[in-house]
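Just so we're on the same page: letters track the sequence lines, and every chain starts at 1. Only this structure's heavy atoms are used, side chains among them; waters, hydrogens and symmetry mates stay out. Everything numeric in this text was worked out from a predicted model, so none of it was measured.
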Amino acid sequence: MDNKSIAGILYETADLMEIDGADSFRIRSYRNAAEAIEAHPQQISDLIGNDKQLLAISGIGKGMLQNLKEMLGEGRLKLHAELLTKYRPSMLQLLKVQGLGPKTIALIWSAYQVSDLEGVESLAREGKIRILPRMGEKHETKLLKAIEDYRRIAGRFLIDVAEKQAEKIADHLRHYPGVEKATPAGSLRRGRETVGDLDILVTGPACCDDTERQKLIDHIIKLPGLMEIIARGENKISFRMRGDMQVDVRLLAPDSFGSAMQYFTGSKAHNVAL
DNA sequence: TGGCCAATACTG
DNA sequence: CAGTAT
DNA sequence: GCCA
């Protein structure tokens with residue numbers, strides 16, 4: 001279990017504790033510890049047993065040390081598992097909706113046993129949020145708008161983040177002999193504020209026959225930071241990068257590169273119109 | 001043992 | 001205006 | 001929960 005995973009569990013536990021109505025300062029401690037672990041240069045798993053070193057990390061004390069031992073020892077945190085049984089995982093997503101906090105989520109849960117985005121949206125539309133204590137028309141309206149906003153940006157990445165990622169990948173591709181061009185298409189090329197996934201078009205001699213294409217794809221999957229291959233075909237490979245960004249790389253013969261660029265830059269609506 | 005972030009929006 | 005949630 |  002790496003530091004990122006440990007921190008993740010701690011963050012999640014904090015969120016769940018919040019819904020559970022736990023002491024806010026204790027919750028903060030969980031978040032502080034998570035941050036400290038995330039930023040720590042060495043792997044916590046390598047330091048287990050060395051209490052001195054662990055306690056030396058600011059934000060890690062007696063109690064958190066026990067939590068770490070439990071996580072690394074049993075592979076799970078009891079508190080985390082219990083809270084997950086008591087509540088619903090979908091509540092963690094709900095927490096990401098601006099203006100929707102733990103108290104309100106718990107309130108909605110207690111009143112309607114609803115814990116997901118869809119359900120809360122329906123309740124709001126039906127005017128069932130405003131009748132809850134402490135809620136009102138303002139809250140309900142604002143909630144609807146917030147859900148809309150959330151849906152619009154969820155699972156998308158800011159343009160500059162996407163650009164850097166795309167540039168790294170394109171560089172990696174261009175280092176391969178037989179690749180002439182590697183260019184991002186899609187919403188990134190259209191300059192949208194956010195990007196859902198990357199679409200990168202490649203062309204050159206290496207794209208021209210089957211064996212060459214396979215060799216090129218073999219090179220592509222060595223890309224640093226590549227986490228999972230989603231699909232691997234003749235002319236296209238899809239994978240997920242560290243950070244969860246999905247990437248499609250398409251190999252194109254030089255004579256179809258132009259039209260492909262046109263097509264994959266979109267937008268879909270634009271293509272339909274054409 | 002006691003303190004741990006402040007400002008804002010909304011409800012009652 | 002005070003209390004509460006974000 | 002952690003820290004002074």
**Student:** Check the distance between B:dG12's P and A:Arg130's CZ and give it to me in whole angstrom.
**Tutor:** 12 Å
**Student:** Check every atom of D:dG1, C:dA5, B:dC10 against the side chain of A:Met64 and return the nucleotide holding the closest atom.
**Tutor:** D:dG1
**Student:** Counting only side-chain heavy atoms from C-beta out, which of D:dG1, D:dC2, C:dT6 sits nearest to A:Leu79?
**Tutor:**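 Nearest to the side-chain atoms of A:Leu79, counting from C-beta on, is D:dG1.
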**Student:** For A:Ile60, report the nucleic acid contact type (base, sugar-phosphate, nothing); a contact means any heavy atom under 4.0 Å.
**Tutor:** sugar-phosphate
**Student:** Classify A:Ser58 by what it touches in the nucleic acid, base, sugar-phosphate, or nothing, heavy-atom distance under 4.0 Å.
**Tutor:** sugar-phosphate
**Student:** Rounding to an integer number of Å, can you tell me how far A:Leu107 CG sits from B:dT11 P?
**Tutor:**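 Interatomic distance, CG of A:Leu107 to P of B:dT11: 13 Å.
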**Student:** Side chain of A:Arg28: nearest nucleotide among C:dA5, B:dC5, B:dC10?
**Tutor:**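 So the side chain of A:Arg28 is nearest to B:dC5.
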**Student:** For A:Thr265 and A:Gln262, indicate whether the former's side chain and the latter's backbone hold a donor-acceptor pair under 3.5 Å.
**Tutor:** no
**Student:** Quick one: label A:Glu137 by what it contacts on the DNA or RNA (base, sugar-phosphate, nothing), any heavy atom closer than 4.0 Å.
**Tutor:**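 Sugar-phosphate, backbone atoms only, no base.
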**Student:** Output the rounded distance in Å from CD (A:Glu35) to P (D:dC3).
**Tutor:**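 Atom-to-atom, A:Glu35 to D:dC3, this comes out as 14 Å.
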**Student:** Rounded to the Å, how far apart are A:Leu68 CG and D:dC2 C1'?
**Tutor:** 13 Å
**Student:** Of the nucleotides B:dC4, D:dC2, C:dT6, which one has an atom closest to the side chain of A:Thr104?
**Tutor:** C:dT6
**Student:** Shared ILVMFWY cluster between A:Leu100 and A:Leu107, side chains joined below 4.5 angstrom?
**Tutor:** yes
**Student:** Under the 3.5 angstrom rule, does the side chain of A:His172 hit a backbone N or O of A:His219 as a donor-acceptor pair?
**Tutor:** yes
**Student:** Could you work out which one of D:dC2, D:dG1, B:dT11 sits closest to the side chain of A:Lys62?
**Tutor:** D:dC2
**Student:** What is the separation between atom CZ on A:Phe25 and atom P on B:dC4, rounded to the nearest whole Å?
**Tutor:**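 Checked: the CZ to P distance equals 7 Å.
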**Student:** Give one of base, sugar-phosphate or nothing for A:Leu143, where a contact means two heavy atoms less than 4.0 Å apart.
**Tutor:** nothing
**Student:** Within the pair A:Lys142 and B:dC10, is there a side-chain N or O less than 4.0 Å away from OP1 or OP2?
**Tutor:** yes
**Student:** For atom P, what is the distance between B:dA6 and D:dC2, given to the nearest Å?
**Tutor:** 23 Å
**Student:** How about A:Asp197 and A:Val247: do any of their side-chain heavy atoms sit closer than 4.5 Å?
**Tutor:** no
**Student:** When hydrophobic residues are tied together by side-chain contacts of less than 4.5 Å, even through go-betweens, does A:Leu252 share a cluster with A:Tyr176?
**Tutor:**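 The answer is no; the residues belong to distinct hydrophobic clusters.
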**Student:** Take atom NE2 of A:His139 and atom P of B:dG12, then tell me their distance rounded to the nearest Å.
**Tutor:** 10 Å
**Student:** B:dC10 C1' sits how many Å from A:Ile129 CD1, rounded?
**Tutor:** 15 Å
**Student:** So A:Tyr30, base contact, sugar-phosphate only, or nothing? Heavy-atom distance under 4.0 Å.
**Tutor:** sugar-phosphate
**Student:** Within this structure, what is the CG-to-P distance between A:Asp15 and D:dG1, rounded to whole angstrom?
**Tutor:** 16 Å
